[in-house]
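When reading the values below, keep in mind they use all heavy atoms of this one structure, side chains included, and skip hydrogens, waters and symmetry mates. So that the names make sense, note that chain A is the first sequence line, chain B the second, and so on, each numbered from 1.
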Amino acid sequence: MNDATSSTETKGPPPPPGTPVSPTTEAEPVFSPLGYPQRLLAPGLTYASITEEVASIPLRRIRSGWWWAAFGVAAALLFLLVVAVSWLFVTGIGIWGVNIPVAWGFAIVNFVWWIGIGHAGTLISAILLLLAQHWRNSINRTAEAMTIFAVMCAGLFPLLHLGRPQVFYFLFPYPDTMGLWPQFRSPLVWDAFAVSTYFTVSLLYWYLGLVPDFATLRDRCATRGGRFFYGVVSLGWRGSAAHWHRHQIAYRLLAGLATPLVLSVHSIVSLDFSVAILPGWHSTIFPPYFVAGAIYSGFAMVLTLLIPFRKVFALEGLITPRHLNNMALVMFISGLLVGYGYFMEVFMGLLSDDPFEHAGTLSRLWGAHSVIFYPVLLCNVIVPQLLWSRRIRMNVWALFALSIVINIGMWLERLMIVVSSLSRDFLPSSWGDYWPTFWDWATFLGTMGLFFTCFLLFLRLAPALSMSDVRELLTPGEEGPPVDEPQPEAKV
Amino acid sequence: MDLTELKQAVERLQRCGGEKGRLEGWRSLEELADTTEFRELLEREFAVPPDEADNRAGLKRREFLQILGGTLGLAGLAGLAGCTVRPRGEIVPYVEQPESLVPGKPLFYATALEFGGYGRGVLVETHEGRPTKVEGNRLHPASLGATSLFEQATILDLYNPARSAAVLHRNGPGDWPAYLQALQTALLKLPPGGEGLHLLTGTITSPAFGEQWNMIVQRYPAARWHRYEPIHDDAFLEAERGAGWEPSEHRYHFDRARVVVSFGCDFLFALPGSVRYARELMAGRSGERAEMNRIYVLESVPTLTGAYADEREAVRTAGPDGIAAHAAALAAELGVEVRFSGTWPGGGAAAWARRVAADLLAERNRNGALLLAGGDQPPVVHSLVRAMNARLGSYGDGKGTISLLPPLVQNRVHQGESLAELAAAMKAGKARVVMMLGGDWVQTAPADLDFAEALEQVPLSIHCGLYLDKTARRATWHLPQAHPLEAWGDTRSFDGTASLCQPMIEPLYGGHSLHEVLDGLARFPGRSGYEIIRSHWVAPGRLDEAAWRRALHDGVVEGSAPVAAAANPGGGGQVEVALGEPEAGLELVLGPDPSLWDGRYAQNAWLQELPRPIHHLSWGNAFLIGPATGERLGLESGEWVRVRGGEEEVAIEGPVVIQPGVADGAVGLTLGCGLWAGSDESPFRVRQPTVLLNRTEAAHERGESGVDAYPIRTRAHPWRRAVVLERTGRNDRAVTTQHHHLMEGRDLLRMGTRAELLERYPASGNEPLPTFYNLTEEMNDAYAWAMVIDLTRCIGCNACVVACQAENNIPPVGRDQVERGREMHWIRVDTYHFGDPDQPEFGFQPLACVHCETAPCEPVCPVEATVHDREGLNLQVYNRCIGTRYCSNNCPYKVRRFNFFRYAEGSAREPLQLMANPNVTVRARGVMEKCTYCVQRINAARISARKENRLIRDGEVIPACAQACPTETIVFGNRNDRGSRVAKRKESPFHYALLGDRNTRPRTTYLARLRNPDRPPSAT
Amino acid sequence: MEKTHPEPVYGVMAEYENARQLLAAAREARKQGYVRMDAYTPYPVEGLAAIVEGKRSRLPLVFLLGGLIGGGGGYAMEWYAMVLAYPINVGGRPLHSWPSFIPVTFELTILLSALSGMVALLIATRLPRLHHPVFAVPEFERATVDRFFLCIEATDGKFSPDAVTRFLETTGPVMVKEVPRC
Amino acid sequence: MAQIFRPSSNTVAPGVLVALALTPLVLGGVVWLLVWSPYSTAVGVPMNQAVPFSHQHHVGGLGIDCRYCHTGVETAAFAGVPTTRTCMTCHSQLWTEAPLLKPVRESLIANEPMRWKRVHALPDYVYFDHSIHVAKGISCVSCHGRVDRMPLVAKQETLYMRWCLDCHRHPERKLRAPGEVFDMASRDPSPEVGRQRLKAYQIQPARLLDCSLCHR
């Protein structure tokens, strides 16, 4: 962005003279005694330069080559989704690999996977906000966006997997001509409420954070249309102290609501399984173990998105090794919790004298399902042990690779939970296997398309980093490396 | 084709005076539209090719039948449940309402259906003239209210769009009058004695038919009647001739038997009397009685009887350890004079013989011995069995376990020879007119007869059959046959009791009964079936008007059963036994298919899809080999092999299935599968196929309906022959609905001797575990419907499965869907085997929804689509179901079925729509379904009971499965009624709930399977 | 700036380099007895609101009430549907199986709380308001980037353009401007 | 910077916001009205038939009993629609030449059934049995209305499940004495009479709410 100053189309004031343009390659990291990178932001950032760096992505369409390439691929996949879904509605659920006994297949696997991914966003943003973890400020926006889009993908599947999607609304309470209501004992109804609530609240939370930044874009946008658009979506924000005051209250309260919400949603998703009596599903460890898994896969996905993003748009100054390191650590710890979950499942399975539970566990250990159990173990427990080493955590490429591995691992885990328990349950006479069809894969990849299309559009339309939040970290007036606590001057 | 056209057509017809030679009675224009004259007329008038004409007429007829359906408001038929759009139909009343018909109320008619030529009495349920369901006839000795799967499935054959609907002349359009002309001219050309006139039929017991033949013989003394059934008992006939016994047929009395020894005889399934026999056998086997009878079975390939036996030996046929050897050894032990030429029975056989002999001679079993030889056993076995039975006093007149009846079949001949004779005559060009009634001999005749080729030599060959099969295509004339439910007829049952068969509906696809066609030989143009049957029966010395009516009403002709001949059975004297050398190679063992019999049901999608007992193969058969053999040959299930008969170069290909219980060295294969495989003769091309038949067709076309065994079946080796196996390299598994037959040490199917069971399961299993839930509210209702399945009685015959399918509009889904694990049967018969895989024991466990009181499926349904009612039924409300399939996941029994596609499409469209039960919803795509305890029957009973302000009586509600069951395995009733059969059974010490430890509190519970082996059984 | 004002003014606005100066100025203005003023900053500045408008916001109360209504209403609905409207025996479970009712109750609590909070926020902030006098000030566009503004409004009792301007000049602003009402 | 929006936007924007918030409610209301309107329920919409048969004349005027034509009503699920013969029993004597009745005569001659448009249609998955309702004191009027006052029959009730349940929850409100069932003029009983009849007919209301009663 060395052309920032020379840019002609950017309206508004040029950055104050003498502002060192923020380095595209981060300065040598500074380490704490414990060996953690300390810098939250690269040195030499100003309000203006931060704004410039972030705003230029939507306003000046930089790096459009990369963007278009990615968008092409995503759009193609999205088209695949449209085809797959149309065909599904025409012919029926039979085009998938589901059968009796394995009546749930990819659809539910993908649902749990996506909703899991959808957890990191709100979690990073809300919990870290409440815990005053300032390193959240440069990554929360992207994470929240990821949440929204992941939940959208997740929300698709429960609808698609219905035998009669045209009457999905039976799931919701409304005065019908039959005098009937949803059956509130069913975890699926809980799902319907949990997911829709989660989506709504995340959306509000995200948008609330966006409003001031939209105002910034409005004020820096060159084109009339752009000014109009951002003018509308920023609701005429003018940064008035009174507004800021209420905005902050609402924002923190929402965070306070979102935090238990995040935990509840994946607990409820886990209840889809643990409420059932199936060996391998009927287990009390599920809620915590699912939540841990959600955070795990969520952070993995954030890394998968942020690392290339930060590279392509040269944001190393705002998303520093410290951010990556912190995320890696959170991911690592939640990973260990997941590992504990696996261990407990096997342990309880072997311990219990319930023959069915027992048989199920054995078939995972060295029976029909070991072929999937061990890959899961490898991806989610063994490989992530690399994160013990700082050098791995500092190495973006290693982190990126690792995050991919974990994403795959977590998807496999859900496959293991859904399919293996169903295909070998109580009566050997009804045992049966499950094989996905082309349309199973098409639908899965298709939702990837949906996800990335939305995400790329988001990069082009909205500030991908929260400028107002980052500004808070700068010492007002002068430049220099910010420190963790807000400036004494700032609060009087 | 509109009404006025039709009316003009009628007038013209009357002018040209077309005589139809069909039964008189209430007629409609539609029916007329079907007559061949009318088609002919159409051709003249509108110059349309006959097939189309036929279709037009067909459409007209369908419309008409739809109107019939219409009187019911098309309940359950017109649309599929769950379409949220309200139907805006029409109401189409009768112009004149037939007597005794109330729209919406079913009528039942008694008639009889034939199995292998012998009658089984049935009642047919009809709705506004549409037969929808077949039930057993309590008054009929061969039924006693029960049926086999074949009677249940016949209803689909009736409506089967694949049925032949047009007269064919040399495969081209033909018509009835022209046929009559051709026949007459041909007959006139015959030499005076009528040499060259040949009749070929299967087994026929119909007295009227016999009488007709006699007339024909009077006119053409030299006319010959040949008879051939692929599943025949020539061996017995040979034995009979050889020993000079007087001709007789066996009627067994299993209720008198204490020890039954079967040498390869599948008496629970394959005999004309099997349905009755199974019931009789149970008299000595129910859990209530302390001492049970005992069944020994020797066979090479597991059959139902073998699987049910107390002691089963899997042995080959020939050789020193074969079945014959066992028989001989046993005979010797029993003191029959046996002279062995060559080898002697092996040690195994001898030891077995000693044990069984001891058992047979034991005092407690005096006069209780019953030995049987399978029709596929060599003559010597039959002689030995006859001798042994005689020696053990089994023929004791009146009290014995066997009575000998005078022959019941018309034209009792050695069928192999009979057919060969015909073939020879045809080859020699001596046969001028050959009439082939109701069979597909081109397909089923022994391969070395070249029947097809011989048929070419015949100037006038006439074939009458239900389908356009191979014979139909090769015969000069093909005449569509009227289905047994469409025609008049008569028949005799296994014990000689005669029954009248009456039509329920005008022939849907046109056609004539065999009687009518045969009559064409005697006179021109031939009488109607009604005249034929009535003139035979209403005659001095037979029936008067009243008796005729009673016979029609009851379905049996009183006192028509012949008295057992108190004759000397013979069987004394010496028996020559030549046991072959021990055979090294493989032996192919052929037998009837448990679903398709000899192939005559190959067009029936229900039976094609029906999982065969024991291995649960669906849509076809496979080469069954024992584990040991598989080990030796290094073959796995699913590998395809080429099986080559010894001498000549015929070979057949198919998948191998490793089946425990197949004798080492034996290769089991059933007849009747794979017909039409890959041939251009798939009859489905002829009519526009419904979805259902698309499926059957596809299976046939792709050669996926199994292995056709006939090419390798020769005169010399009808049942077994030495073969060699070659790998083909191809590898795809035969389709089966149960992949895993071991119980994995779980307590699912309780089986053992009385002592074992009482000792192993002291708690009767009646007390459910404690629960948090308060279930009393529901318990207090007047009714608590429940079902008890007595595993001791279950012979795994599948009758319940087909009965359920017929009653509840369950669509077949086709091979590919079954392969995906999506079969729809509401009730299934699980099979488990125990112990040594080469000599396993088998157990059957019928399983439908067990209607748990604390049903796991219900709380997980998000929309209240599956809930309980106050009588304890676990309901599935189709039109509320959104298809999350969560209930199925959470069902520990996996008895729920899901409409992954629009499976019911076929059943919702003409003509199969007419077959549907109007009292059961046809399910839409994407909804779950399962056993309902036949709630429609409960409701019907409740309504009539409530009208009279009384409670439903025990036995007033019988679900389809229980009703069809030959052995009363399934008992259904009100558990709250202490006196009900269900309540009584639940008090049995052998009573238990499947997966009772899950505390699902199923309403359907089981009685453990009692066995009574002589030797200690291998651990269950 | 001595000339009279033909057109009415909205207020007088001063622009500052950083938050420190803004805070000082605002505090000073209060001392001077100005009450109707507002400050504009590119990010939330702690304590600023307390100075420019003395009263505390009652937003949290709305959140709480919304939550209570959502939760109570949710549970009531479930109870009505399962026990009163159409009592059906579902797997022998009690009609009023409260443990199964908790998840939906919880979710509705959150949902209603959040929604009502958002509505309250919009009302409290009088947003959306796309047109506002301060937007007319050219320099104001940096209010969302890096500059800090204080505006004393004409509605203030002791407001007079010249006096206010003069006062603001003393607080070390980058510039001081009158904001026309429009 | 210049103003982007005109002052009016300050009223427009909140307006739009409110509108957006209300849309779902409005839509729901529209659907609701649609579903309950005669457009989809066909309540009170007379159905034109090939022969404009007037119940008013035959039942109200001539006083013919329902069962004369609807023969199945006491024995079968399906009340039954008269056969052409039934019509002709009288009309072979009366109005033998009436052009109105031409279709009937033709039907008899051509042996081609009459075709009546359905007025009361239930979905295929609903199994309603006339005989038991009639036997337990539910009058024709309760569902079909005062047919004796209808020149052309029109639906009186929505026949929605909710409507069925209303009566199945409180049958006592509708029960007639056995004699009055086919009496068009009969009235709903008073509460205590209703309760007595409930006992007399041995009806257990609880059972009447089971799904299996109507859905199989």
Side-chain angles (χ1 to χ4, degrees), chain B residues 768-781 783-786 849-877 880-881 884 886-893 896 928 930 975 993 995 998-1003, chain C residues 58-125 127-128:
Chain B
L769 306 166
T771 172
F772 285 127
Y773 308 133
N774 163 22
L775 304 169
T776 50
E777 181 218 357
E778 161 203 5
M779 299 304 109
N780 289 341
D781 193 276
Y783 309 106
W785 300 115
C849 173
V850 293
H851 295 265
C852 314
E853 282 168 9
T854 58
C857 51
E858 291 180 9
V860 298
C861 173
V863 292
E864 292 174 328
T866 179
V867 296
H868 252 67
D869 73 9
R870 275 164 190 73
E871 298 174 357
L873 265 60
N874 168 268
L875 310 172
Q876 181 67 29
V877 189
R880 179 69 176 172
C881 177
T884 68
Y886 199 172
C887 50
S888 168
N889 287 351
N890 208 24
C891 171
Y893 308 92
R896 295 180 151 260
M928 191 61 73
K930 66 166 193 65
R975 194 187 58 186
L995 298 180
R998 302 290 109 175
N999 205 19
T1000 51
R1001 304 187 172 220
R1003 283 290 177 89
Chain C
R58 291 200 304 289
L59 261 184
L61 189 63
V62 181
F63 273 85
L64 177 65
L65 291 178
L68 292 180
I69 294 170
Y75 195 95
M77 172 189 69
E78 295 184 80
W79 180 81
Y80 169 77
M82 294 289 94
V83 181
L84 215 59
Y86 200 157
I88 300 180
N89 173 351
V90 173
R93 309 305 197 260
L95 290 177
H96 182 209
S97 29
W98 60 268
S100 325
F101 295 172
I102 292 172
V104 172
T105 310
F106 175 80
E107 298 301 330
L108 286 177
T109 315
I110 303 278
L111 184 63
L112 264 285
S113 172
L115 286 176
S116 47
M118 283 306 102
V119 175
L121 176 66
L122 289 179
I123 294 169
T125 55
L127 287 179

* Asked: Just how far is it from atom CG of B/L875 to atom CG of C/N89, taken to the nearest 0.5 Å?
  -> 9.5 Å
* Min side-chain heavy-atom separation B/H868-C/R93 under 4.5 Å -> no
* Kindly give the heavy-atom pair with the smallest separation between C/P94 and B/Y773, and that separation in Å. => CD-CD2, 3.6 Å
* Please name the pair of heavy atoms, one in C/G91 and one in B/P859, separated by the smallest distance, quoted to 0.1 Å. => CA-CD, 4.5 Å
